[in-house]
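I have placed the structure first, in the form of structure tokens, so that the comments after it can refer back to it.
Numbering of ligands and ligand atoms starts at 1, following listing order.
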Amino acid sequence: MTRIVITGATGAIGAALAQHYAVPGNHLTLHGRREAVLDDVASQCRERGADVTLSCVDLTDDVSLHAWLDTLCEPSPPDLVIVNAGMNINIGEFGEGEAWDDASRLLEINLRVPMAMGNQLGKRMRATGHGQLVFMSSLAAYHGLALTPSYSASKAGVKAYAEGLRGWLAPSGVGVTVVMPGYVSSKMCHDMPGPKPFLWQPARAARRIAAGAARNRARVSFPFPLDFGCWWLAVLPAAVSQRLLAWLDYAPPAATRDASSPRQERPHD
Ligand SMILES: NC(=O)c1ccc[n+]([C@@H]2O[C@H](COP(=O)([O-])OP(=O)(O)OC[C@H]3O[C@@H](n4cnc5c(N)ncnc54)[C@H](OP(=O)(O)O)[C@@H]3O)[C@@H](O)[C@H]2O)c1
């Protein structure tokens with residue numbers, strides 16, 4: 001029996017991944033916070049012939065997370081773990097900036113939790129010389145976006161962490177894949193400001209992610225035109241990338257400032 005763990009299984013991509021892997025012979029452990037939605041996803045997966053276990057453990061609580069991961073590693077670590085749960089915030093309609101409480105919560109689930117999971121599962125998988133870890137980054141990891149600075153930072157962090165983990169775990173036969181999606185239809189995606197070119201449906205994204213994970217690809221990034229464009233943002237001088245992003249409408253609304261507090265204008269470098 002192949003054992004697969006998916007966090008964020010109540011979300012669009014996580015549920016699509018669960019359905020993709022829901023075949024006889026697979027045991028799915030699905031994690032989500034919204035029990036009713038999770039039950040729904042589980043029923044669909046069971047109908048397709050998979051065995052399903054559910055978890056609503058608080059991923060952001062170290063003690064609960066470590067205990068849960070220990071359970072998952074009995075009698076041996078899972079074959080595949082997809083660290084998918086995540087959130088997004090933005091600078092607001094008028095570009096007023098992110099609330100720090102929100103940014104802090106975002107860093108917790110988008111970066112600290114994936115690192116905690118990679119840290120613990122990586123060691124357990126390394127000891128048995130078997131397993132595949134998949135981390136959800138984003139094309140926003142190539143170059144920070146003005147509308148979503150904390151999200152961009154968290155996804156750049158996940159990308160770098162997973163790349164490092166891949167190098168560490170490769171000699172022991174454990175695989176690590178970084179997934180960098182463009183726009184995939186989901187609540188998170190549609191709540192985000194800015195244009196959403198080349199939007200994919202979650203089922204298509206799930207197929208691409210699963211194919212990449214099965215081949216232990218270092219990076220699974222899509223869709224091609226957007227991936228290629230975003231990759232250039234990392235390669236070009238940062239000043240050029242910033243201008244390109246503004247030109248493509250990924251810029252904050254024009255700043256409004258109090259006329260009574262004049263500030264020195266600085267040239268953009
Ligand atoms: N959709 C895109 O365009 C896109 C692009 C690039 C990367 N991604 C990444 O893909 C992943 C899945 O996103 P999605 O598009 O499927 O979004 P989604 O539909 O909004 O799903 C997000 C999932 O993350 C879970 N989650 C959020 N905060 C959590 C927390 N504190 N603790 C536990 N679970 C939490 C949610 O659980 P609840 O249901 O309980 O809230 C939900 O299952 C995310 O990591 C996202 O950053 C998405």
Side-chain angles (χ1 to χ4, degrees), residues 5-20 29-42 54-62 64-65 68-69 81-90 101-118 134-143 145 147-148 150-159 161-162 177-206 208-210 212-213 219-223 226-227 230 250:
V5 179
I6 303 170
T7 67
T10 46
I13 298 177
L17 282 165
Q19 279 159 11
H20 177 89
T29 301
L30 304 179
H31 180 278
R33 293 178 302 180
R34 290 173 297 156
E35 271 182 63
V37 181
L38 197 59
D39 281 341
D40 226 39
V41 176
L54 302 181
S55 171
C56 295
V57 70
D58 182 359
L59 298 178
T60 62
D61 177 73
D62 278 354
S64 312
L65 177 64
W68 181 55
L69 296 180
V81 178
I82 305 181
V83 184
N84 167 70
M87 64 176 281
N88 198 358
I89 60 171
N90 61 70
D101 281 356
D102 293 342
S104 184
R105 280 191 306 116
L106 178 148
L107 288 173
E108 186 85 358
I109 188 65
N110 284 16
L111 182 57
R112 196 171 176 280
V113 166
M115 288 177 65
M117 291 185 69
V134 175
F135 292 90
M136 292 299 285
S137 176
S138 161
L139 292 184
Y142 280 131
H143 189 286
L145 300 177
L147 302 177
T148 53
S150 295
Y151 182 78
S152 305
S154 69
K155 294 301 181 180
V158 165
K159 173 177 173 289
Y161 181 74
T177 297
V178 180
V179 181
M180 300 173 71
Y183 297 106
V184 179
S185 187
S186 75
K187 178 170 179 350
M188 175 194 298
C189 173
H190 295 297
D191 283 351
M192 227 158 70
K196 298 178 183 69
F198 307 105
L199 183 74
W200 276 26
Q201 290 309 306
R204 185 177 182 190
R208 177 65 70 87
I209 294 165
R219 181 183 297 167
V220 176
S221 50
F222 55 86
L226 201 60
D227 178 35
C230 291
Y250 285 89

Residue, atom and distance of the protein heavy atom nearest atom 10 (O) of ligand 1 read M136 CE, 3.4 Å

Side-chain (R34) to main-chain (T10) donor-acceptor, under 3.5 angstrom: yes

Closest protein heavy atom to atom 48 (C) of ligand 1, given as residue, atom name and distance to 0.1 Å: I13 CD1, 3.8 Å

Specify the closest pair of heavy atoms between L111 and V158, including all atoms of both residues, with the distance to one decimal. CD1-N, 3.6 Å

Which residue and non-hydrogen atom of the protein lie closest to atom 3 (O) of ligand 1, and at what distance in Å? V184 N, 2.8 Å

Where is the nearest protein heavy atom to atom 36 (C) of ligand 1: which residue, which atom, and how far? T10 OG1, 4.0 Å

As an exercise, state the distance from CG of L30 to CG of D39, rounded to the nearest 0.5 Å. 10.5 Å

From atom 31 (N) of ligand 1, work out which of E108, M192, R33, E35 has a heavy atom at the shortest distance. R33

Counting heavy atoms only, which of A141, G86, S154 is nearest atom 24 (O) of ligand 1? G86

Could you tell me whether G32 and ligand 1 have an N or O pair separated by under 3.5 Å? no

Contacts of Y183 that satisfy ring pair (Phe, Tyr, Trp, His ring centres under 6.0 Å) - sequence neighbours left out: none

For residues I109 and L59, determine if any side-chain heavy atom of one lies less than 4.5 Å from a side-chain heavy atom of the other. yes

Nearest heavy-atom pair of Y142 and R219: which atoms, and what distance? OH-NH1, 3.2 Å

Looking only at protein heavy atoms, which one is nearest to atom 34 (N) of ligand 1, and how far off is it? A85 CB, 3.7 Å

State, to 0.1 Å, how close G118 and F135 come at their nearest heavy-atom pair, and which atoms those are. CA-CZ, 3.9 Å

With heavy-atom distances below 4.5 Å as the criterion, would you say the side chains of T60 and R105 are in contact? no

Please state which part of K155 comes within less than 4.0 Å of ligand 1, counting heavy atoms only: side chain, backbone, both or neither. side chain

Considering only heavy atoms, does S137 approach ligand 1 within less than 4.0 Å through its side chain, its backbone, both, or neither? backbone

Would you indicate which of C189, S186, S138, G182 comes nearest to atom 14 (P) of ligand 1 when only heavy atoms are counted? S186

Tell me which protein heavy atom sits closest to atom 9 (C) of ligand 1, plus the residue, atom name and distance to 0.1 Å. Y151 OH, 3.9 Å

Counting from 1, what ligand 1 atoms have a heavy atom of Y183 closer than 4.0 Å? 3 (O)

Which part of N84 is near ligand 1, with near meaning a heavy atom under 4.0 Å away: side chain, backbone, both or neither? both

For atom 21 (O) of ligand 1, closest protein heavy-atom neighbour: G11 CA, 3.3 Å

Please work out which of A12, C56, P181 has its closest non-hydrogen atom nearest to atom 19 (O) of ligand 1. A12

List for me each residue that meets side chain to side chain contact (heavy atoms under 4.5 Å, CB included) alongside A116, sequence neighbours excluded, and say none if there are none. L65

Between CG on residue L54 and CG on residue L38, distance to nearest 0.5 Å: 4.5 Å

Around R112, counting heavy atoms of other residues, nucleotides and ligands shown, do more than 12 lie under 6.0 Å from its CZ? no

Please report which non-hydrogen protein atom sits nearest to atom 13 (O) of ligand 1, along with the residue it belongs to and the distance in Å to one decimal place. M188 CE, 3.8 Å

